[in-house]
Amino acid sequence: AAAAKILADGTIHDSMGSLRNIPLNDQSSNASYTLTISDAGKLVHASGTTSTVVVPNGVFGSGNVVTILNGGTGNVAVNQGSGFSLRNTADGSSGNRTLAQFGMATIYFTGSNVGYISGSNMT
């Protein structure tokens, strides 16, 4: 991996882009969106017709982080894929979660089959 560098305008970049911004992946046209490795380090903005975000097994590695924002008018389901354990940091339970309107949650992956979710406006 390339080392971070400071550009002439003072911004800090590495091989994935700016280190001061969190890139946005807007998902608004499909009812369900399944996270991909390219979502690591990004915010997935579920809006429009997107009402489900699936966290798949075997995609992310230890240290990956994905944030999900519900920018729609209804709830967004954050569902664990088959064989994946989505653990709620608030109570230690494992299972699917729901983000109410304008709710936001971050998933920290400790391996390819487990992630810890924490957020606001989440049940």
Side-chain angles (χ1 to χ4, degrees):
K5 57 187 170 188
I6 299 175
L7 303 181
D9 65 1
T11 59
I12 303 170
H13 287 255
D14 69 4
S15 62
M16 295 177 64
S18 173
L19 299 179
R20 297 282 187 240
N21 296 312
I22 299 174
L24 176 75
N25 176 358
D26 189 37
Q27 293 296 318
S28 60
S29 59
N30 296 309
S32 182
Y33 176 71
T34 298
L35 297 175
T36 66
I37 190 61
S38 66
D39 290 317
K42 294 182 181 174
L43 182 138
V44 174
H45 181 234
S47 62
T49 61
T50 303
S51 59
T52 302
V53 175
V54 178
V55 185
N57 188 27
V59 173
F60 297 95
S62 180
N64 286 150
V65 176
V66 175
T67 297
I68 302 166
L69 172 63
N70 177 359
T73 57
N75 291 339
V76 169
V78 181
N79 293 343
Q80 56 187 16
S82 178
F84 188 83
S85 181
L86 185 60
R87 296 181 182 158
N88 186 351
T89 62
D91 63 12
S93 65
S94 183
N96 299 332
R97 300 287 164 236
T98 300
L99 285 178
Q101 186 179 21
F102 308 126
M104 185 165 67
T106 298
I107 304 168
Y108 182 88
F109 297 85
T110 58
S112 65
N113 64 346
V114 65
Y116 293 81
I117 189 167
S118 177
S120 60
N121 225 4
M122 181 183 79
T123 56

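Heavy atoms only: backbone and side chains are in, while hydrogens, waters and symmetry mates are out.
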Student: List the atom of Leu99, the atom of Ile68, and the distance in Å for their closest heavy-atom pair.
Tutor: CD1-O, 3.7 Å

Student: Output, in order, the C-alpha distance, side-chain angles, deciding distance and verdict of side chain to side chain contact (heavy atoms under 4.5 Å, CB included) for Tyr116 and Thr110.
Tutor: CA-CA 8 Å; Tyr116 293 81; Thr110 58; 3.6 Å; yes

Student: With rounding to the nearest 0.5 angstrom, report the CG to OG distance, Asn113 to Ser82.
Tutor: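 It is 11.5 Å, given to the nearest 0.5 Å.
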
Student: Any donor-acceptor pair under 3.5 Å linking the side chain of Asn88 with the backbone of Ser93?
Tutor: no

Student: Can you find a heavy atom in the side chain of Val76 that is under 4.5 Å from one in the side chain of Val53?
Tutor: yes

Student: Do Thr50 side-chain atoms and Asn30 backbone N/O form a donor-acceptor pair below 3.5 Å?
Tutor: yes

Student: For Phe84 and Phe60: C-alpha separation, side-chain torsions, deciding distance, then whether side chain to side chain contact (heavy atoms under 4.5 Å, CB included) applies.
Tutor: CA-CA 11 Å; Phe84 188 83; Phe60 297 95; 5.9 Å; no

Student: So Thr49 and Ser28, side chain to side chain contact (heavy atoms under 4.5 Å, CB included) or not? Walk me through it.
Tutor: CA-CA 6 Å; Thr49 61; Ser28 60; over 6 Å; no

Student: Determine, using the 4.5 Å side-chain heavy-atom cutoff (strictly less than), whether Ile37 and Val65 are members of one ILVMFWY cluster.
Tutor: no

Student: Yes or no on side chain to side chain contact (heavy atoms under 4.5 Å, CB included) for Met104 and Leu43, after CA distance, side-chain angles and deciding distance?
Tutor: CA-CA 9 Å; Met104 185 165 67; Leu43 182 138; 3.9 Å; yes

Student: Between CZ of Phe102 and CG of Asn121, what distance do you get to the nearest 0.5 Å?
Tutor: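 The CZ atom of Phe102 sits 9.5 Å away from the CG atom of Asn121.
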
Student: Has Gln80 got a side-chain atom pairing as donor or acceptor with Leu86's backbone, closer than 3.5 angstrom?
Tutor: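 Checking the backbone N and O of Leu86 against the side chain of Gln80, a donor-acceptor pair under 3.5 Å is found.
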
Student: Locate the shortest heavy-atom distance separating Ser112 from Asn57; write the atom from each residue and the value.
Tutor: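 Ser112 and Asn57 have their closest heavy atoms at O-OD1, 3.2 Å.
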
Student: Indicate, with yes or no, if Ile107 and Val44 share a hydrophobic cluster defined by side-chain heavy-atom contacts under 4.5 Å among Ile, Leu, Val, Met, Phe, Trp and Tyr.
Tutor: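 Same cluster.
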
Student: Are Phe109 and Val59 side-chain neighbours, meaning at least one heavy-atom pair lies under 4.5 Å?
Tutor: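 Answer no - side chains too far apart.
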
Student: Measure across Gln101 and Asn75 and return the closest heavy-atom pair with its distance rounded to 0.1 Å.
Tutor: N-OD1, 4.2 Å

Student: Under 3.5 Å, is there a donor-acceptor pair between the side chain of Ser85 and the main chain of Val114?
Tutor: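 Flag not set: sc Ser85 to bb Val114 has no pair under 3.5 Å.
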
Student: Would you check if there is a donor-acceptor pair between the side chains of Thr67 and Thr106 at a distance under 3.5 Å?
Tutor: yes

Student: Quiz question: by atom type and distance under 3.5 Å, do the side chains of Asp39 and Asn25 form a donor-acceptor pair?
Tutor: yes

Student: Between OG of Ser32 and CD of Gln27, what distance do you get to the nearest 0.5 Å?
Tutor: 10.0 Å

Student: Can Leu69 be reached from Met122 by stepping across I, L, V, M, F, W or Y side chains whose heavy atoms are under 4.5 Å apart?
Tutor: no

Student: Within the structure provided, determine whether Val78 and Ile117 are in side-chain contact (heavy-atom separation under 4.5 Å).
Tutor: yes

Student: Looking only at heavy atoms, what is the nearest atom pair of Ala40 and Asn64, with distance?
Tutor: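 Looks like CB-ND2, 3.9 Å.
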
